[in-house]
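Every value quoted in this text rests on a predicted model; they were computed, and no experiment measured them. Naming convention: chains lettered A, B, ... in sequence-line order (proteins, then strands); numbering from 1 in each chain.
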Amino acid sequence: MTGDTAPILALDTVSKVFGRGDSAVYAARSVSFALRPGRTLALVGESGSGKTTAARLIMREYQPDAGQLLFRGQPIGSSPVSSLRAYRAAVQMVFQDPFASLNPAHTVRYHLERPLRLHRRDLTRQQRLTAIDELLARVKLDPALVAPKFPHELSGGQRQRISIARALAVSPEVIVADEPTSMLDVSVRLGILNLLNEMKRELGLALLYITHDVATARYVAEDIMVMYAGQIVEWGAMESVLGNPQHPYTRLLLSVVPDPDRRFDEIGDELGRVDQIRRQSAIAQPEIREIAPNHFLRPMPE
Amino acid sequence: MTTPVLSVRNLSIDYIGAEQDFHAVRNVSFDIAPGEFFGLAGESGCGKSTIAFAVSRLHRPPALIRRGSQILVDGRDVLALDDEALRSFRWREVAMVFQSAMNSLNPVLTIEAQFHDVLRTHAGLSRAQSRARAAELLELVDISPDRLSAYPHQCSGGMRQRIVIAICLALHPKLLIMDEPTTALDVVVQREILQRIDRLRKDLGFSVLFITHDLSLMVQVSDRIGVMLEGELIEVNEARTIYRTPQHPYTQRLWASMPRLHGEQISGTAP
């Protein structure tokens with residue numbers, strides 16, 4: 001993908017296969033993309049398209065079966081533990097479920113102090129407490145009020161803010177957010193999206209925003225990738241892809257986004273070709289076509 | 001004017017607490033006409049599901065439906081039904097699809113057995129009769145009758161959800177209540193299911209009470225919409241009108257917090 005600044009993290013034709021022989025499933029097939037400081041890349045697709053596999057590859061929970069990860073331009077091999085620690089300090093994740101991703105037996109302060117203890121060992125206890133207050137203020141929570149609380153005393157939106165603060169604690173350069181707002185109410189969702197935008201702007205973070213909600217993707221990201229069956233079928237600048245979608249699967253995905261301007265009685269049945277589009281889009285397609293500057297497509301085999 | 005299928009008048013429901021009561025629903029009134037698709041929108045905790053449960057008479061203490069509340073289904077007072085009447089009322093008059101409906105099938109029974117359960121109890125059908133009827137119902141929701149011998153875990157989430165909807169339609173209910181029926185599902189599957197329901201209600205003529213927090217989806221599919229805030233129904237109108245010209249400041253703020261897919265992006269001030 002084109003861009004002005006050098007990427008912090010990149011995937012270079014990464015594949016991940018589960019199972020073997022006839023039952024092999026490509027959860028990622030020759031996936032390439034780059035994350036750049038101060039920019040958000042959205043990864044969209046339906047359940048099972050391989051979005052979370054991409055996140056796990058970045059978090060190095062999975063080893064690629066082919067291809068490689070590049071961190072600040074250097075390939076990451078199966079490196080020793082010390083460099084994994086450095087990697088974790090640079091790449092952090094925010095999970096989908098704000099109810100499951102915090103330990104119910106520990107306070108907010110504990111959750112934020114742990115990454116600081118692990119990754120910023122030079123800090124004294126007093127400095128850590130100050131850092132915790134700053135983190136909470138950054139995610140727009142009152143430190144005095146929230147720090148001593150347990151997760152069950154907080155709302156879903158507040159918990160997701162804690163998750164974001166925890167990710168920010170190690171001063172990362174990359175944040176992977178996997179459906180961070182899908183379990184939140186409409187009115188709370190916007191606050192979290194605004195927070196992501198603000199972090200990107202003020203801290204120069206590179207964000208990977210994973211979602212099935214294309215409308216929120218448009219709100220936070222400059223670039224978008226559409227994934228199906230482990231393949232990125234279309235990608236490029238957000239407005240170009242949304243304004244001029246070329247891949248049948250991208251069009252399908254856009255047509256099912258709930259849109260108050262398109263009522264059911266006006267649009268008729270658009271899903272007639274769903275099975276065919278799904279079948280064809282799942283076929284490996286090595287050919288890449290450039291449609292416009294920063295807008296690419298893997299044409300669907302006819 | 002025809003009799004509404006559902007008529008809710010001055011409905012108030014409290015959850016009784018040790019120290020104080022929580023007023024979950026406050027003095028709510030609305031009607032649903034025959035064949036109408038009515039959406040009830042609002043945030044978590046605003047009382048949407050509490051209303052849905054009241055219509056099916058599913059509340060148990062500490063929930064308390066206050067005196068003066070009235071729920072009429074096809075002119076019949078639901079709150080006055082005794083246990084026997086309630087048994088024939090549920091499924092036959094009002095059927096409900098729960099939020100986690102795809103997990104509400106019995107994991108150790110085949111799909112056929114779960115259809116038979118409803119059809120034997122309520123319509124006295126034999127196994128052979130209920131099998132034939134179940135096959136018909138599955139076809140309504142685009143599932144091959146071969147699936148009758150399958151167990152729930154052999155079906156995808158979207159398929160299980162459609163099976164539950166088919167079971168709900170088994171006795172031709174007048175009103176189908178759907179509480180966040182597609183929230184746990186993928187966007188593509190969500191569209192498939194809602195389009196199917198929309199067509200079925202036009203063909204079969206039942207009404208729908210649809211509950212969701214996804215306002216865009218609600219405007220797309222509903223005829224009329226009610227917006228709830230902290231237990232009160234603050235605005236009811238035609239779906240298009242409530243979208244284009246919302247009257248209540250809360251409805252306006254809700255719209256302003258929904259990111260747009262096309263055109264000008266929202267300004268981004270939270271409600």
Side-chain angles (χ1 to χ4, degrees), chain A residues 44-49 51 140 155-157 181-195 197-198 211-221 228 238-239 242-243 249 252-272 274-275 277-278, chain B residues 37 41-46 142 156-158 182-199 201-202 212-223 225 229 238-240 242-244 250 253-263 265-271:
Chain A
V44 303
E46 61 184 61
S47 314
S49 58
K51 305 188 297 287
K140 312 238 168 10
S155 70
T181 62
S182 67
M183 297 185 67
L184 302 177
D185 250 329
V186 202
S187 57
V188 182
R189 190 180 295 172
L190 193 68
I192 299 292
L193 296 175
N194 284 337
L195 190 59
N197 276 339
E198 206 177 288
T211 187
H212 62 257
D213 182 348
V214 191
T216 62
R218 179 172 180 243
Y219 189 74
V220 296
Y228 184 73
M238 181 69 72
E239 293 305 314
L242 296 191
Y249 182 75
L252 168 69
L253 200 60
L254 290 178
S255 77
V256 299
V257 175
D259 182 347
D261 285 316
R262 301 169 66 244
R263 286 178 43 88
F264 276 18
D265 27 10
E266 290 157 4
I267 55 182
D269 193 352
E270 299 171 317
L271 300 177
V274 167
D275 294 332
I277 292 174
R278 283 203 170 119
Chain B
F37 205 118
E43 294 180 64
S44 318
C46 71
D142 252 342
S156 70
T182 54
T183 309
L185 301 173
D186 193 77
V187 273
V188 183
V189 180
Q190 165 174 293
R191 166 63 71 84
E192 284 170 339
I193 288 181
L194 286 175
Q195 270 190 352
R196 173 56 55 160
I197 299 251
D198 188 44
R199 196 165 336 133
R201 65 115 180 180
K202 281 169 184 156
T212 181
H213 62 262
D214 190 334
L215 284 166
S216 304
L217 182 66
M218 185 158 273
V219 172
Q220 250 187 324
V221 58
S222 305
D223 299 323
I225 291 179
L229 171 64
E238 301 281 320
R240 263 198 206 85
I242 223 162
Y243 169 54
R244 301 232 170 98
Y250 176 74
R253 287 203 303 275
L254 270 184
W255 279 122
S257 64
M258 308 275 296
R260 296 292 152 87
L261 185 60
H262 298 291
Q265 192 54 274
I266 51 166
S267 66
T269 37

J.: Give the C-alpha distance, both sets of side-chain angles, the deciding distance and a yes or no for side chain to side chain contact (heavy atoms under 4.5 Å, CB included) between A/R278 and B/V188.
T.: CA-CA 11 Å; A/R278 283 203 170 119; B/V188 183; 3.2 Å; yes
J.: Taking the side chain from B/E43 and the backbone from B/L229, do they hold a donor-acceptor pair closer than 3.5 Å?
T.: no
J.: Where does A/D213 contact chain B at under 4.5 Å (heavy atoms): side chain, backbone, both or neither?
T.: neither
J.: Counting heavy-atom pairs under 4.5 Å to chain B, which of A/L254, A/D259, A/L193 comes out on top?
T.: A/D259
J.: Side chain to side chain contact (heavy atoms under 4.5 Å, CB included), that's the test. Do A/T181 and A/Y219 meet it? Break it down for me.
T.: CA-CA 12 Å; A/T181 62; A/Y219 189 74; over 6 Å; no
J.: Hey, is the main chain of A/S255 close enough, under 3.5 Å, to the side chain of B/R191 for a donor-acceptor pair?
T.: yes
J.: So what's closer than 4.5 Å to chain A heavy atoms on B/L194: side chain, backbone, both or neither?
T.: both
J.: For A/L253, is it the side chain, the backbone, both or neither that has a heavy atom under 4.5 Å from a heavy atom of chain B?
T.: side chain
